[in-house]
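Hydrogens, waters and symmetry mates play no part in the numbers below; they use all other heavy atoms, side chains included. Everything quoted here is computed from the prediction, not taken from an experiment. FYI, the numbering just counts along the sequence from 1.
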Amino acid sequence: MSSLHLSLTFVYRHLLFQKWWILTINNALSDEDKVRLIEGYLASNKLSYVISLFSSVESFIRTLLREKNHDINNKNFRSCINTLLSEELTTPIKGGIQVLEFFSEIRNTIHNDGTYYSSKNKSRNFKFKDETYTFSNEVRIDFVTWELLIEITDSILSIMIEILDDKNFS
């Protein structure tokens, strides 16, 4: 069981039930305050999940590149993605770079409380699972749902498996 699973279990087995609030804090909060606290708690869990997944993916990619003797110490994540997926694989992974860059942009918005800032002052569009997601400069993104994160996670895991199955890494 992961800490995320534990947290979500806590929400769905305790925080959503009036009895827990009565036993814990004598029901001193309004229903609106409870909803606000639960939403904040879930948002914090989502944030932690994105950071943890991104860290794992970046570590995976950098480890593989180090194994191939690439100097990646001063390379950003996007550069590492391109090196690994464009130069090191014998078989290209269709859409792999796009998925990882999409996830990278989601992660980057965390630094600005969910608002996208482009160094080039431009918007970016990503197509993922037949949907187009737009990152507009200086605009808060509102499309990162748990469902989207699960789909992105599934895609990233598939990409990682394809990388490990490639002749250069198997």
| Same cluster for W146 and I110 if Ile/Leu/Val/Met/Phe/Trp/Tyr side chains link at under 4.5 Å? | yes
| message | Counting only heavy atoms from other residues, nucleotides and ligands, does the tally under 6.0 Å from OH of Y12 exceed 12? | response | no
| task | Please name all residues satisfying side-chain hydrogen bond (donor to acceptor under 3.5 Å, both in side chains) with E151, sequence neighbours left out, ordered by chain then number. | result | none
| task | Would you please classify the geometry between the F103 ring and the F54 ring as parallel, tilted or perpendicular, with 30° and 60° separating the classes? | result | tilted
| task | Please determine, by modelled atom types, if Y49 and T153 share a side-chain donor-acceptor pair under 3.5 angstrom. | result | yes
| Got a donor-acceptor contact below 3.5 angstrom from the S104 side chain to the L100 backbone? | no
| query | Between the main-chain N or O of K120 and the side-chain N or O of S118, is there a donor-acceptor pair closer than 3.5 Å? | reply | yes
| message | Given 3.5 Å as the limit, does a donor-acceptor pair link the side chain of S59 with the main chain of S55, or not? | response | no
| Passes ring-ring contact (aromatic ring centres under 6.0 Å, His included), F143 versus Y133? Steps please. | CA-CA 8 Å; F143 52 75; Y133 297 91; 5.0 Å; yes
| Does the ring of F135 carry R124 above it, NZ/CZ under 6.0 angstrom from centre and within 45° of its axis? | no
| query | Considering the options D165, I161, D166, I159, which one meets the side-chain contact (heavy atoms from CB on, under 4.5 Å) requirement together with I163? | reply | I159
| query | Would you say E87 has more than 12 foreign heavy atoms packed within less than 6.0 Å of its CD? | reply | yes
| Check against side chain to side chain contact (heavy atoms under 4.5 Å, CB included), N76 and C80 | CA-CA 6 Å; N76 64 27; C80 290; over 6 Å; no
| request: Kindly assign one of parallel, tilted or perpendicular to the pair F10 and W20, based on the angle between their ring planes and the thresholds 30° and 60°. | output: perpendicular
| said: Any salt bridge linking R62 with E58? Criterion: basic side-chain nitrogen under 4.0 Å from a carboxylate oxygen. | reply: yes
| message | Between D33 and L29 (side chain of the first, backbone of the second, donor and acceptor by atom type, cut-off under 3.5 Å), is there such a pair? | response | no
| task | Flag yes if more than 12 heavy atoms outside K75 fall under 6.0 Å of its NZ atom; otherwise flag no. | result | no
| query | Going by an N to O cut-off under 4.0 Å, is there a salt bridge joining E162 and K94? | reply | no
| said: Can you tell me how far apart CG (L16) and NZ (K34) are? Round to the nearest 0.5 Å. | reply: 11.5 Å
| request: Indicate yes or no for a side-chain donor-acceptor contact from S136 to the backbone of V139 under 3.5 Å, with no hydrogens or angles considered. | output: no
| said: Using modelled atom types and a 3.5 Å cut-off, is there a donor and acceptor pairing between side-chain atoms of K46 and backbone atoms of V144? | reply: yes
| request: Output all residues satisfying side-chain hydrogen bond (donor to acceptor under 3.5 Å, both in side chains) with Q98, sequence neighbours left out; order by chain, then residue number. | output: none
| Under 4.5 Å between side-chain heavy atoms, hopping through other hydrophobics if needed: is there a path connecting I150 to L42? | no
| task | Quick one: list whatever passes side-chain hydrogen bond (donor to acceptor under 3.5 Å, both in side chains) with N121, sequence neighbours left out. | result | N137
